[in-house]
Protein chains: 2
Amino acid sequence: MEEEGATTVSSRVLAQRVGTTAAQVRKDLSLFGTFGTRGLGYEVRSLRERLREILGLAQEWPIALIGAGRIGSALFEYPNLRRRGFEIVTILDRDPRKIGRSWDGVRIRSIDEVGEVIERLRIKVALVAVPASEAQGVVDRLVGCGIRGILNLAPARLRVPDGVTVNEVDLALELEVISYALGARGTVPGEIRQDVTSDP
Amino acid sequence: MEEEGATTVSSRVLAQRVGTTAAQVRKDLSLFGTFGTRGLGYEVRSLRERLREILGLAQEWPIALIGAGRIGSALFEYPNLRRRGFEIVTILDRDPRKIGRSWDGVRIRSIDEVGEVIERLRIKVALVAVPASEAQGVVDRLVGCGIRGILNLAPARLRVPDGVTVNEVDLALELEVISYALGARGTVPGEIRQDVTSDP
DNA sequence: TACCTTTTGTGAAGGTTTTCACAAACTCGT
DNA sequence: ACGAGTTTGTGAAAACCTTCACAAAAGGTA
Ligand SMILES: NC(=O)c1ccc[n+]([C@@H]2O[C@H](COP(=O)([O-])OP(=O)(O)OC[C@H]3O[C@@H](n4cnc5c(N)ncnc54)[C@H](O)[C@@H]3O)[C@@H](O)[C@H]2O)c1
Ligand SMILES: NC(=O)c1ccc[n+]([C@@H]2O[C@H](COP(=O)([O-])OP(=O)(O)OC[C@H]3O[C@@H](n4cnc5c(N)ncnc54)[C@H](O)[C@@H]3O)[C@@H](O)[C@H]2O)c1
């Protein structure tokens with residue numbers, strides 16, 4: 001919206017864009033403070049800035065990529081991560097044939113250097129793209145080195161201690177959700193909402 | 001569990017495995033019927049079979065992959081999709097340099113053949129891995145050809161008519177969720193639950 | 001300034017989901 | 001066949017989330 005030149009936006013328009021209701025937008029925002037001006041709406045630029053702060057996105061996050069395989073390579077070349085404030089600053093693998101190579105200037109290092117690298121680069125978040133059978137072991141090492149957040153691409157359920165955030169992305173599971181939805185036994189909760197607000 | 005040789009499982013153990021409570025497991029299952037035996041629990045094999053039916057996974061799903069790029073290639077080589085019942089049976093792209101090649105025996109075809117291919121192979125679900133700017137156009141064509149479910153990897157909000165299910169996976173968004181969680185402003189809803197049931 | 005219009009922020013109402021807790025139904029060993 | 005021990009299935013209670021609806025606060029106009 002900023003790029004479109006809008007300086008101000010109402011909860012109704014915001015709701016339309018993200019697929020929810022105006023009341024929901026206002027209630028959600030109200031949980032973090034008061035951002036709008038009555039009769040006018042929200043100032044686009046300042047709302048964006050406040051939200052970036054709330055989400056912890058005011059800073060750049062350095063990321064460690066674990067697993068220099070097919071999906072790891074695709075992720076590394078995915079420009080959207082950097083545009084959204086996440087930069088893969090180190091790549092760790094176990095395969096001696098990969099260690100020592102560089103991708104676009106970023107060296108692939110041995111997983112054994114994990115502690116040193118994470119400390120030196122002050123990395124808090126890791127992207128895990130190793131085979132499922134390796135995932136728990138890798139995650140244990142990461143957590144031992146002080147990693148606080150993990151985005152796990154491997155189809156494995158991870159155990160981590162309290163205070164560590166894990167987010168799992170399982171594409172096969174997402175297809176299963178679609179499979180269930182097509183069975184037409186009602187609507188799937190969590191499906192993208194396409195309806196639109198109906199405030200006055 | 002079947003592979004581990006278990007023949008029977010209680011709601012408590014199921015809950016531990018998936019990270020929820022025993023009561024939740026029982027209530028959820030009860031919405032679809034009655035599966036267990038009092039005093040004993042659930043028979044692993046038959047529960048698995050019933051769940052596969054409920055989720056629509058008794059059949060194999062043929063899938064169309066749209067976009068033979070970096071992520072498309074990684075997905076195509078991802079063996080877990082097939083293991084979970086989804087098989088990429090056609091690949092469609094726009095780039096003349098890619099059209100005509102084959103990946104592991106599957107030809108890359110022109111996106112213009114979408115209608116013919118989808119009908120012939122009876123495809124209902126597509127994986128969309130084209131640039132964000134192309135996503136809506138591609139999806140419109142897919143929907144026009146009778147596709148009913150879409151798993152969208154492009155960071156674009158899609159509009160589809162009623163009756164079409166869209167599931168979006170946005171890795172940058174998942175990292176943003178972690179970023180917020182690390183801000184320690186309370187716990188993130190939807191975070192992986194690690195606690196354990198405490199039924200009697 | 002007074003008045004009309006717009007839109008927020010938020011209690012209260014309404015709806016949904018999760019948890020509790022227990023009778024009923026089963027197993028198993030004797 | 002029985003009794004002790006499990007574990008389910010499920011109403012009812014509690015917790016949580018969304019929607020409603022409106023006073024309050026702002027901008028614009030004359
Ligand atoms: N390919 C996909 O599209 C895709 C999609 C979703 C999820 N996944 C999952 O992502 C993971 C990786 O998939 P992939 O296709 O890239 O596999 P891959 O075999 O191409 O790559 C795995 C990489 O991990 C490295 N590795 C293995 N053990 C390691 C360890 N202990 N420490 C450090 N590095 C180690 C390997 O050397 C290899 O480079 C798998 O769990 C897969 O299920 C893949
Ligand atoms: N690379 C990643 O790790 C990654 C991760 C998540 C999401 N994504 C998203 O997935 C999409 C693809 O990413 P990529 O890295 O594979 O890009 P890419 O440029 O490597 O591949 C895109 C492919 O789509 C094809 N294409 C373009 N327009 C098309 C059209 N109208 N019809 C059919 N095919 C068309 C191109 O010819 C190309 O082969 C992007 O939207 C990207 O944001 C990528």
Side-chain angles (χ1 to χ4, degrees), chain A residues 1 5-51 53-54 177 180-181 185-200, chain B residues 1-2 5-51 53-55 177 180-181 185-200:
Chain A
M1 287 179 166
T7 71
T8 238
V9 64
S10 68
S11 57
R12 189 167 44 81
V13 171
L14 279 171
Q16 257 159 15
R17 293 264 188 146
V18 300
T20 181
T21 63
Q24 189 72 74
V25 167
R26 295 201 299 277
K27 197 37 126 215
D28 283 3
L29 290 177
S30 78
L31 265 70
F32 292 100
T34 127
F35 301 90
T37 310
R38 292 172 185 216
L40 190 61
Y42 303 88
E43 214 247 302
V44 172
R45 171 179 287 270
S46 83
L47 179 62
R48 191 181 101 104
E49 221 34 63
R50 299 290 302 275
L51 289 177
E53 276 160 30
I54 290 167
V177 171
Y180 173 66
R185 266 164 293 263
T187 317
V188 179
E191 202 183 347
I192 307 309
R193 205 213 265 235
Q194 299 274 0
D195 48 282
V196 143
T197 178
S198 58
D199 246 20
Chain B
M1 286 178 167
E2 213 174 345
T7 72
T8 238
V9 63
S10 68
S11 56
R12 191 167 42 79
V13 171
L14 279 171
Q16 258 159 13
R17 293 265 188 145
V18 300
T20 180
T21 64
Q24 189 72 73
V25 167
R26 294 201 299 277
K27 188 61 116 192
D28 282 4
L29 291 177
S30 78
L31 265 68
F32 292 101
T34 128
F35 302 89
T37 311
R38 292 172 185 216
L40 188 62
Y42 303 87
E43 215 248 301
V44 172
R45 171 178 289 269
S46 82
L47 179 61
R48 191 181 100 103
E49 220 35 61
R50 299 290 303 273
L51 290 176
E53 275 159 32
I54 291 167
L55 293 171
V177 171
Y180 173 66
R185 267 164 291 261
T187 316
V188 180
E191 202 183 348
I192 308 307
R193 205 215 263 236
Q194 298 274 0
D195 48 281
V196 143
T197 180
S198 58
D199 248 21

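In the text below, chain A, chain B and the rest are named by the order of the sequence lines, each starting its count at 1.
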Discussion item. Taking only side-chain N and O atoms of A/Y42, does any of them lie within less than 4.0 angstrom of OP1 or OP2 on C/dG9?
Written reply: yes
Pair B/M1-B/V13, side-chain contact (heavy atoms from CB on, under 4.5 Å): steps then yes or no:
CA-CA 11 Å; B/M1 286 178 167; B/V13 171; 3.8 Å; yes
In whole angstroms, the gap separating C1' of C/dT8 from CG of A/D28 amounts to 14 Å
A/R26 CZ to D/dA25 P, in whole Å, measures 16 Å
To the nearest 0.5 Å, atom CZ of A/F35 lies from atom CG of A/L51 at 6.5 Å
From the candidates D/dG9, C/dT8, C/dT27, the one with an atom nearest any side-chain atom of B/L40 is C/dT27
5'-most contact on DNA chain C (nearest-nucleotide basis), A/L29 vs A/G39, goes to A/G39
B/E43 CD to C/dC26 P, in whole Å, measures 16 Å
For B/R38 and C/dA24, is the shortest distance between a side-chain N/O and OP1 or OP2 below 4.0 Å? no
Separation of C/dG9 atom P from A/R12 atom CZ, nearest Å, is 16 Å
Quick note, B/Q24 side chain, CB onward, closest among D/dT7, C/dT8, C/dT19 is C/dT19
Quiz prompt | Contact under 4.0 Å: B/T37 side-chain N or O vs C/dC26 OP1/OP2 | solution = no
- I would like to know whether A/L47 and A/L14 meet side-chain contact (heavy atoms from CB on, under 4.5 Å); could you show each step before the answer? CA-CA 11 Å; A/L47 179 62; A/L14 279 171; 3.9 Å; yes
When rounded to whole Å, the CG to P distance for the pair A/L14 and C/dG9 reads 11 Å
Between the CG atom in B/L31 and the CD1 atom in B/I54, the distance rounded to the nearest 0.5 Å is 10.0 Å
Requested in this report: Compare side-chain N and O positions of B/T21 against OP1 and OP2 of C/dT19 and report whether any pair is under 4.0 Å apart.
Outcome: yes
Within the structure, does a side-chain N or O atom of B/S11 lie under 4.0 Å from either OP1 or OP2 of D/dT7?
no
Between CZ of B/F35 and P of D/dT8 the distance, given in whole Å, is 13 Å
Query raised in the report: Yes or no on side-chain contact (heavy atoms from CB on, under 4.5 Å) for A/Y42 and A/R26, after CA distance, side-chain angles and deciding distance?
Result: CA-CA 10 Å; A/Y42 303 88; A/R26 295 201 299 277; 3.7 Å; yes
Whole-Å distance, A/F32 CZ to C/dG9 C1', equals 16 Å
Regarding the side chain of B/K27, the nearest nucleotide among C/dT18, D/dT19, C/dT27 is C/dT18
